[in-house]
Structure formats: structure tokens, C-alpha cells
Amino acid sequence: MKLNRDFFNRNCAVVAHDLIGKKLVFGEHEGIITETEAYRGADDPASHAHRGITARSAIMFGQPGKSYVYIIYGMYYCLNIVTEPEGEASAVLLRGLQLLTPPLTHLNGPGKLCRHLGITKQHNGIDLLSDSSFYVTEGIESPEVHITPRIGIKKAIDKPWRFVMAL
DNA sequence: AACAGGATGCAA
DNA sequence: TGCATCCTGTTT
């Protein structure tokens with residue numbers, strides 16, 4: 001059962017928490033989401049949307065349930081899902097995936113995740129609610145979730161907005 | 001522990 | 001035009 005718009009139309013930290021254990025489908029690839037991070041807008045210095053709308057960050061202000069793909073350090077793609085009502089900048093970064101399709105490995109890190117799935121900038125702005133091959137469905141019933149500060153950033157490292165599924 | 005690789009956006 | 005950045009693989 002595909003997650004509906006209301007699931008993403010909530011506070012990004014709540015969505016990031018609830019996405020743990022859900023199943024991501026991307027073409028032939030399927031996997032359980034094991035690690036996420038929440039990013040907000042003006043109140044979050046670590047977010048691309050911190051300084052307002054730019055060509056890159058505009059999607060974060062848009063409709064919840066859409067994909068946000070950006071290039072980091074010039075070579076890796078990172079996959080996010082837009083959350084909160086239109087006009088409220090926020091997104092959830094997908095950092096970890098337990099593959100259900102070969103090679104059944106655990107993808108650790110947003111760059112590796114996108115590289116394996118074949119996600120590129122052409123997958124930016126896709127509506128996961130209306131796409132037939134790129135979406136999120138129910139997965140594990142009640143996974144145990146660990147909450148920690150976000151990693152890989154230098155600002156706002158105090159906010160506990162990283163969510164990891166317990167093994 | 002340091003760094004290369006190199007798109008993007010901001011300050012200058 | 002310069003510099004920092006939501007990363008990763010390779011080399012000290």
C-alpha cells in the first residue's frame with residue numbers, strides 16, 4: 001500500500017522517523033529504509049533552503065511527497081523526499097537502505113545509495129504519489145528507531161534529526 | 001588523518 | 001573569482 005500525501009504532509013522530523021522500516025521502490029530495486037535525516041528551512045542552518053528559494057532548493061518549498069535530488073561535492077547524488085505543506089521548506093534525506101533485491105546488501109550513505117539505484121538529477125521533482133515505478137510503501141511493522149544528531153554537517157549539529165533502524 | 005574530485009550557490 | 005559544502009574512495 002503506497003504511502004499517501006498526508007504521510008509526507010507533516011513535520012519533517014516525524015516523517016523521517018516514520019520512514020524508517022518503510023519500503024522504497026525504484027524501478028527494479030526495492031529496499032527497506034534504514035537511515036534518514038530531517039532538514040528544514042529558515043530555522044535550519046544545515047539545510048539548502050536556509051537562505052530561501054534558489055534554483056536548487058525550490059523543490060523543498062513545494063508539494064510534499066516529491067523527490068529532491070541534488071549533487072554533493074560535484075560527484076554524488078543524494079535522494080530526499082519533500083515534506084510538510086507547500087510553502088514550508090523541508091525534506092527527508094535517505095541515508096541507508098537494506099536491499100530486498102540482489103545483491104541484498106545494506107547500502108550505507110546517501111551517495112552510495114543513489115549510485116546503486118541509478119538515481120540522477122533527472123529524478124529530481126518526481127511525485128512519488130503518482131509515479132508507477134518510484135514510490136514508498138508499507139514495510140516493517142514497528143521497527144525500533146534510534147535517534148541521534150545529524151552527521152556530515154558542521155552547522156546545527158545539536159538537532160536530534162537523524163533516525164536509524166536498530167538491527 | 002588528509003585529500004581529491006568538481007556542481008552549486010553565495011560573498012566578494 | 002574564490003570558497004564552503006547534507007560524500008566517498010584512495011592514499012598518508
Side-chain angles (χ1 to χ4, degrees), chain A residues 3 7-22 24 26 29 31-99 102-128 134 136 145-165 167:
Chain A
L3 302 182
F7 179 90
F8 299 103
N9 192 15
R10 298 179 296 161
N11 176 275
C12 59
V14 175
V15 176
H17 180 283
D18 287 356
L19 273 176
I20 298 299
K22 296 294 188 290
L24 174 72
F26 184 79
H29 303 282
I32 296 297
I33 297 170
T34 59
E35 184 179 346
T36 62
E37 280 181 5
Y39 285 88
R40 287 185 50 81
D43 58 344
D44 183 2
S47 169
H48 290 159
H50 178 228
R51 298 180 191 85
I53 295 183
T54 67
R56 178 171 63 171
S57 70
I59 185 70
M60 289 183 69
F61 291 82
Q63 193 179 30
K66 286 193 171 183
S67 62
Y68 168 40
V69 179
Y70 63 86
I71 295 177
I72 189 67
Y73 299 113
M75 33 174 48
Y76 291 99
Y77 294 95
C78 292
L79 172 63
N80 302 248
I81 302 177
V82 176
T83 59
E84 306 200 12
E86 207 161 342
E88 291 287 325
S90 72
V92 173
L93 171 66
L94 271 48
R95 300 189 56 98
L97 200 63
Q98 177 64 52
L99 290 176
L104 301 179
T105 54
H106 186 218
L107 296 175
N108 224 278
K112 280 190 280 189
L113 192 156
C114 287
R115 190 180 56 186
H116 178 86
L117 297 186
I119 289 174
T120 70
K121 203 164 190 191
Q122 68 177 336
H123 302 108
N124 187 38
I126 293 177
D127 184 7
L128 305 195
F134 183 16
V136 183
V145 180
H146 291 169
I147 303 176
T148 77
R150 295 176 293 182
I151 60 177
I153 56 176
K154 300 203 171 60
K155 301 168 187 169
I157 56 176
D158 56 310
K159 299 183 189 298
W161 287 351
R162 174 170 175 255
F163 304 89
V164 186
M165 184 164 72
L167 304 178

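Chain letters run A, B, ... following the sequence lines, proteins first, then strands; residues in each count from 1.
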If you measure from the [atom1] atom in [N] to the same atom in [M], how many Å do you get, rounded?
N: C:dT12; M: B:dG5; atom1: P; value: 13 Å
N: C:dG9; M: B:dT8; atom1: C1'; value: 22 Å
N: B:dA12; M: C:dT5; atom1: P; value: 15 Å
N: C:dC6; M: B:dA11; atom1: P; value: 15 Å

Inset, instruction - State, with a plain yes or no, whether a side-chain heavy atom of A:Leu99 is found less than 4.5 Å away from one of A:Leu107. - result: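 Result yes, sub-4.5 Å side-chain heavy-atom pair found.
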Inset, instruction - Report yes if the side chains of A:Phe7 and A:Leu19 come closer than 4.5 Å at any heavy-atom pair, otherwise no. - result: yes
Legend entry - Polar side-chain atom of A:Ser47 near backbone of A:Arg40 as donor-acceptor pair, under 3.5 Å: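 Answer holds: yes.
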Legend entry - Donor-acceptor pair, side chain of A:Ser90 and main chain of A:Tyr39, under 3.5 angstrom: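 No.
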Legend entry - A:Pro160 versus A:Ile147, closest heavy-atom pair with distance: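 Answer, listing the atom of A:Pro160 first, then A:Ile147: O-CG2, 3.4 Å.
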Inset, instruction - Report which part of the nucleic acid A:Arg150 touches: base, sugar-phosphate, or nothing (heavy-atom distance under 4.0 Å, all strands). - result: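 No contact.
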Inset, instruction - Select base, sugar-phosphate, or nothing to describe what A:Ser47 touches, counting heavy atoms under 4.0 Å on all strands. - result: base
Inset, instruction - Please state whether the rings of A:Tyr70 and A:Tyr68 are parallel, tilted or perpendicular, taking 30° and 60° as the class boundaries. - result: tilted
Return the value, rounded to whole Å, for the distance between atom [atom1] of [X] and atom [atom2] of [N].
X: A:Lys159; N: C:dC6; atom1: NZ; atom2: P; answer: 15 Å
X: A:Arg51; N: C:dC3; atom1: CZ; atom2: P; answer: 17 Å
X: A:His50; N: B:dC10; atom1: NE2; atom2: C1'; answer: 13 Å
X: A:Ile81; N: C:dC6; atom1: CD1; atom2: P; answer: 20 Å
X: A:Lys155; N: C:dA4; atom1: NZ; atom2: C1'; answer: 8 Å
X: A:Met60; N: C:dC6; atom1: CE; atom2: C1'; answer: 10 Å
X: A:Asn124; N: B:dA7; atom1: CG; atom2: P; answer: 17 Å
X: A:Ile157; N: C:dT5; atom1: CD1; atom2: C1'; answer: 15 Å

Taking only side-chain N and O atoms of [X], does any of them lie within less than 4.0 angstrom of OP1 or OP2 on [N]?
X: A:Lys154; N: C:dT5; answer: yes
X: A:Arg115; N: C:dG9; answer: yes
X: A:Arg95; N: C:dC7; answer: yes

Inset, instruction - Convert the base pairs of DNA chain B into dot-bracket notation, remembering that pairs crossing earlier ones are written with [ ] and that bases paired across to another strand are shown as |; include only Watson-Crick or G-U pairs under 3.5 Å. - result: |||||.|||||.
Legend entry - From A:Ile33, A:Asn80, A:Leu79, A:Thr36, residue fulfilling side chain to side chain contact (heavy atoms under 4.5 Å, CB included) relative to A:Val92: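 The side chain to side chain contact (heavy atoms under 4.5 Å, CB included) with A:Val92 is passed solely by A:Thr36 among A:Ile33, A:Asn80, A:Leu79, A:Thr36.
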Inset, instruction - Would you mind telling me which of B:dG5, B:dT8, C:dC6 lies closest to the side-chain atoms of A:Ile71? - result: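 Taking heavy atoms from C-beta onward, the closest nucleotide is B:dT8.
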Legend entry - Candidate nucleotides B:dG9, C:dC6, B:dT8, ranked by approach to the side chain of A:Ile72 - the nearest: C:dC6
Inset, instruction - Would you mind telling me which residue lines up with the more 5' stretch of DNA chain B, A:Lys121 or A:Tyr76, judged by nearest nucleotide? - result: A:Tyr76
Legend entry - Check: A:His123 ring centroid to A:Tyr77 ring centroid under 6.0 Å: no
Legend entry - ring centroid sep under 5.5 Å plus plane angle under 30, A:Tyr73 with C:dT5: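 Not stacked: fails the 5.5 Å / 30° test.
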